[in-house]
Amino acid sequence: ESLLLTKLRIYPIILLAVIGIFIIIAYLLFSSSRKSEQNRVWTGMAKETAHQIGTPLSSLMGWIEILRSQNADEMALTEMEKDVSRLQMITDRFSKIGSMPQMSDEFVNETVSKSFNYLQSRVSKKVKLTFNSNLMDEQRLQINPQLFSWVLENLVRNAVDALEGSGEVDLELTDQGKFIRLDVTDNGKGIAKAQQSAVFRPGFTTKARGWGLGLSLAKRIIEDYHKGKIFVAQSEVGKGTTFRVLLPKNL
């Protein structure tokens, strides 16, 4: 039991601990580097999409004016202008990805209602959309209205897709003290337990057509820009899903 033998017994343990620490550090650096690279790819793709949409969008605006000068149906032209304005907003949203967006003091009920009304007129009549809020009309939040509306619309469209034809989608705003809670609930096909943590990962999708960008960008918008949280609050296969967004009142 000499001091030398004691040190020799302890030395391999210390050596293994040091090696373990180096492995953990290397893994964290690799993981961080890969995540950073993914973010740059998705950001670049978003900005390139905004750039590509811009050219045909300008052309569409010109064609609308030509049709108006030829006395085309004014009601149809008005609806076309609404959709062109929507495309301009989408382009603006994509161009903001990767840069810090400007926040403004917005009425929460009004912002959510605008997106809700737009979506309600454009989803299938077999889908019942409802919106409930216990917030006061004067309740405000520091948000970017374009990006926040994008998150809301993305969640609603995903919920509609999960219905596979018909069903119900409920939006609910609730005051939770330090947070405003937004729940988007559907009674669709649900998400398997094993997939719930993966739905926000870039590239993950269960759709036959899709890039797996929507929820990944929604997470970035809510957590990086609005300092909130977005997650699957509840889901059961065959019964439906609830996505939850928590936004701090004091950003």
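In this chain, numbering begins with 1 at the start of the sequence shown. Not measured: the values here are computed from a predicted model.
In this structure, Leu171 is not a member of the same hydrophobic cluster as Phe107, with clusters built from ILVMFWY side-chain heavy atoms closer than 4.5 Å. Note: the hydrophobic cluster containing Val184 does not contain Val237 (ILVMFWY, side chain heavy atoms under 4.5 Å, direct or indirect links).
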**Item:** Audit row: Val245, His226, side chain to side chain contact (heavy atoms under 4.5 Å, CB included) steps and yes/no
**Value:** CA-CA 11 Å; Val245 176; His226 292 83; over 6 Å; no
**Item:** CA sep, side-chain torsions, deciding dist, call: Met61, Met80, side chain to side chain contact (heavy atoms under 4.5 Å, CB included)
**Value:** CA-CA 9 Å; Met61 293 169 68; Met80 289 171 65; over 6 Å; no
**Request:** Give the C-alpha distance, both sets of side-chain angles, the deciding distance and a yes or no for side chain to side chain contact (heavy atoms under 4.5 Å, CB included) between Asp105 and Gln142.
**Result:** CA-CA 5 Å; Asp105 208 23; Gln142 280 286 315; 3.5 Å; yes
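Residues passing the side chain to side chain donor-acceptor pair (under 3.5 Å) test with Thr130, sequence neighbours excluded: Asp170. Partners of Ser104 under the side chain to side chain donor-acceptor pair (under 3.5 Å) rule, at least two apart in sequence or in another chain, are Glu106. Taking the side chain to side chain contact (heavy atoms under 4.5 Å, CB included) definition, one finds that Lys114 meets it with Glu110, sequence neighbours left out. Listed by chain and number, the residues in a side chain to side chain donor-acceptor pair (under 3.5 Å) with Gln120 amount to none (sequence neighbours excluded). Shown here are the side chain to side chain donor-acceptor pair (under 3.5 Å) partners of Ser149, two or more places apart in sequence or in another chain: Ser115. The side chain to side chain contact (heavy atoms under 4.5 Å, CB included) test applied to Glu164 returns Lys189, not counting sequence neighbours. Considering only residues two or more places apart in sequence or on other chains, Asn109 meets the side chain to side chain contact (heavy atoms under 4.5 Å, CB included) condition with Phe131, Ser133, Leu135, Asp137, Leu173. Residues passing the side chain to side chain contact (heavy atoms under 4.5 Å, CB included) test with Ser197: none are found, sequence neighbours excluded.
Rounding to the nearest 0.5 Å places CG of Leu152 at 10.0 Å from OG1 of Thr111. Rounding to the nearest 0.5 Å gives a distance of 11.0 Å between CD1 of Ile221 and CG of Leu215. Taken to the nearest 0.5 Å, the OG atom of Ser85 stands 9.0 Å off from the CG atom of Leu57. In this structure, OG1 on Thr185 lies 11.0 Å from CD on Glu168, to the nearest 0.5 angstrom. Between the NZ atom in Lys227 and the CG atom in Leu246 there is a gap of 15.5 Å [rounded to 0.5 Å]. Distance check: Phe231 CZ to Thr242 OG1 gives 10.5 Å after rounding to the nearest 0.5 Å.
Nearest approach of Val112 to Phe148, heavy atoms of both residues: CG2-CE2, 3.9 Å. Across Ala162 and Asp186, no two heavy atoms sit closer than the pair CB-OD1, 4.1 Å. Across Val160 and Val123, no two heavy atoms sit closer than the pair CG2-CG1, 4.2 Å. Considering all non-hydrogen atoms of both residues, Phe243 and Val199 come closest at CE2-CG2, 4.4 Å. Taking each heavy atom of Met103 and Tyr225 in turn, the nearest pair found is CE-O, 2.9 Å. The two atoms that bring Lys249 and Phe179 nearest to each other are CE-O, 4.0 Å, heavy atoms only.
Annotation for Ile14: hydrophobic cluster partners, listed by chain and number, are Ile10, Val18, Phe22 (ILVMFWY side-chain heavy atoms under 4.5 Å, direct or chained). Counting Ile, Leu, Val, Met, Phe, Trp and Tyr side chains that sit under 4.5 Å apart, directly or through other members, Trp63 shares a hydrophobic cluster with Ile66. When hydrophobic side chains of Ile, Leu, Val, Met, Phe, Trp and Tyr are connected at separations under 4.5 Å, Ile21 ends up clustered with Ile25, Leu29.
Of the candidates Ile143, Val151, Asn144, Leu147 forms a side-chain contact (heavy atoms from CB on, under 4.5 Å) with just one, namely Asn144.
Every pair passing salt bridge (charged side-chain N to carboxylate O under 4.0 Å, His left out) that includes a residue from residues 236-247 is listed here, sequence neighbours excluded: Asp183-Arg244, Glu236-Lys239.
Looking at Leu182 and Glu172, their side chains never come closer than 4.5 Å, going by heavy atoms from C-beta outward. Glu74 places a side-chain heavy atom less than 4.5 Å from the side chain of Arg68. The shortest side-chain heavy-atom distance between Leu155 and Ile230 falls under the 4.5 Å cut-off. At least one side-chain heavy atom of Arg122 sits less than 4.5 Å from a side-chain heavy atom of Asp83.
The backbone N or O of Ser113 lies less than 3.5 Å from a partner atom in the side chain of Asn117, making a donor-acceptor pair. Between the side chain of Asn187 and the backbone N or O of Gly167 there is no donor-acceptor pair closer than 3.5 Å.
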